[in-house]
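Some notes on the structure that comes next.
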Amino acid sequence: MTTYSAGSNLEKIFKSGKKAVTGECGPPRGADAEHFRHKANFLKGCVDAVNVTDNQTAVVRFCSLAASKILLEMGIEPVMQMVTRDMNRIALQSNILGAAAMGIKNLLCLTGDHQSFGDHPQSKNVHDLDSVQLANTLRMMRDEGKMISGTEVQGRPQMFIGAAANPFADPQEFRVVRMGKKIAAGVQFIQTQCIYNMERFHKFMEMANDMGLTEKAYIMAGITPLKSVGMANYMKKFVPGLDVPDSYITRLKGVPKDKQAAEGIKIAVEQIHECLAMKGIAGIHLMAIEWEERVPEILETAGLLPRPTVS
Amino acid sequence: MVIGESKPLAEILDMIKDFKKIVVAGCKGCVTVCNVGGEKEVAILASELRIARKAAGNNLDVKEYTCERQCDPEYIEPLDDLVADADAVVSIACSVGPQYVTARYPYLHVFPGINTTSIGGAVEHGVWKEFCQACGSCVIGEYGGLCPIARCAKQLLNGPCGGSSGGICEVGKGSIPCIWHLIYDRMKNLGQLHKMTEVKLYKNWSTSRDGGLRTSIREELKQ
């Protein structure tokens with residue numbers, strides 16, 4: 001019998017040996033839950049779990065804990081994101097316990113974007129812990145029943161532990177080592193930053209395989225479909241560590257403007273196939289930013305629907 | 001040393017707008033070295049204030065003095081005569097200085113003429129950078145002699161984050177080197193890269209500002 005650390009759907013899919021698919025849904029910049037439900041509905045049944053971002057790019061949105069709870073009510077499994085930028089170890093542990101108590105079974109441990117990029121650049125940041133330490137904290141609370149202070153946890157948070165990795169940041173040769181640190185701290189699944197430079201990602205995965213990391217954690221390739229030439233140029237120029245090769249930009253430029261979205265999806269599907277063929281890739285993390293309605297089509301074309309069920 | 005930057009003249013003029021007689025007090029310590037609060041800057045600020053107030057038809061009497069240090073009560077004492085008939089003091093020492101002035105003269109208005117920005121040093125002529133956050137428990141020995149607490153925007157102990165590109169931090173519009181990239185290069189030079197695979201656990205922040213006001217006591221020196 002397979003033993004599970006949290007028993008989330010995502011964990012079950014991974015452990016069954018099938019390729020997993022996660023999506024992403026950002027809460028709105030207001031209390032409009034209907035808008036969030038509307039976007040999330042597109043993902044229902046198409047993915048194994050849905051990431052709920054935690055004030056991504058340091059912009060205030062409704063909190064990931066509440067949004068995760070809404071997904072649960074909708075019958076969608078959340079991957080709750082948690083950043084260490086805004087909360088100290090007291091609040092982080094408290095939110096872990098609260099989230100687990102509400103039935104949230106996947107937690108993605110992140111440091112978070114610096115607040116200078118967000119809508120409140122004058123805010124104070126916390127950074128009591130970093131993402132590696134947050135993962136270690138959850139592992140300790142779940143497996144050892146202890147908080148950072150050593151205090152015993154009354155009711156352990158049963159959560160599947162995730163983290164992010166950016167294969168395209170520098171120093172290049174250290175990126176896999178850092179992912180290894182996260183795994184050593186307790187991380188069980190990794191979702192990568194959006195991949196465009198396939199060559200560099202191949203190298204990253206080779207190193208991950210050589211270091212035995214793909215045996216220790218499930219690595220999901222992060223894919224963000226390009227909606228237009230404009231988006232591709234923006235990603236290339238303004239998102240640090242995101243390397244969009246000119247070949248993709250040329251391809252998008254080569255079709256009429258009203259066909260660019262379709263071409264972007266075609267590229268995404270090709271990338272999904274290429275990634276799934278790589279040794280050590282356990283799934284796809286599809287981040288269709290404000291494009292949730294196209295997720296079913298992308299996954300259908302990629303041959304990833306219907307999603308398997310594992311009891 | 002302590003690094004500072006001059007406050008805008010308009011801000012200082014606003015602080016002292018209700019006063020007729022002030023003392024501008026400098027310091028011969030750190031702020032002299034970083035060219036923001038020494039004898040020369042005292043003279044410049046005093047002149048600027050006089051000129052601005054004269055132009056506004058509201059003359060200001062400004063006396064000038066530069067203390068040996070402003071972070072020692074005995075060096076504040078020489079201000080006694082100067083402040084006797086003054087309304088206010090503008091101190092251009094680091095923010096420690098004006099607080100020592102405040103402590104000595106309970107009935108005198110005291111204003112800071114500079115912003116204290118960091119504990120750091122000069123990296124080239126006219127450029128100073130932060131090197132320390134006074135966390136009270138120095139860890140640079142574990143990071144190749146470099147400080148991730150003061151010099152990483154996210155204070156990571158397990159960096160670098162995904163925002164490190166070409167040795168540059170994503171924060172600061174290209175002006176800040178990624179300290180974690182420098183730590184990596186340094187550990188490589190020292191043959192210590194294996195240490196960068198270790199998960200660094202929680203920092204004890206109670207020795208930092210978070211633990212409350214810090215007092216250092218040396219019993220053998222106490223009288």
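Below, chains carry the letters A, B, ... as their sequence lines are ordered, and counting in each starts from 1.
- Between A:Val132 and B:Asn158, the shortest heavy-atom contact is CG2-CB, 3.6 Å.
- Using a 4.5 Å cut-off between heavy atoms, A:Arg175 contacts chain B through its side chain alone, with no backbone atom that close.
- Put simply, the side chain of B:Tyr184 does not reach to within 4.5 Å of the side chain of A:Asp170, judged on heavy atoms.
- Scanning all heavy atoms of the two residues, the minimum distance from A:Asn125 to B:Ala153 falls at ND2-O, 3.7 Å.
- The CE atom of A:Met211 sits 8.0 Å away from the OG1 atom of B:Thr197 when rounded to the nearest 0.5 Å.
- When all heavy atoms are compared, the tightest approach of A:Arg89 to B:Trp205 is NH2-CD1, 3.5 Å.
- Note that NE2 of A:His114 is 9.5 Å distant from SG of B:Cys161, once rounded to the nearest 0.5 Å.
- Going from atom CG of A:Leu129 over to atom CG of B:Leu156 covers 11.5 Å, rounded to the nearest 0.5 Å.
- Interface remark: of the candidates B:Lys203, B:Lys154, B:Glu198, B:Met196, B:Lys154 forms the most heavy-atom pairs closer than 4.5 Å to chain A.
- Within a 6.0 Å sphere centred on CD of A:Gln122, heavy atoms belonging to other residues, nucleotides or ligands number 12 at most.
- Residue A:Asn88: no heavy atom, backbone or side chain, is found under 4.5 Å from chain B.
- Of all heavy-atom pairs spanning A:Phe174 and B:Gly159, the tightest one is CE2-O, 3.4 Å.
- A:Thr84 does not touch chain B: none of its heavy atoms, backbone or side chain, sits under 4.5 Å away.
- For A:Lys181 (side chain) and B:Lys200 (main-chain N/O), no donor-acceptor pair under 3.5 Å exists by modelled atom type.
- Contacts between A:Met179 and chain B at a heavy-atom distance below 4.5 Å are absent for every atom of the residue.
- What you find for B:Leu157 and A:Gln133 is that their closest heavy atoms are CD1-NE2, 3.6 Å.
- Contact annotation for B:Lys173: neither backbone nor side-chain heavy atoms come within less than 4.5 Å of a heavy atom of chain A.
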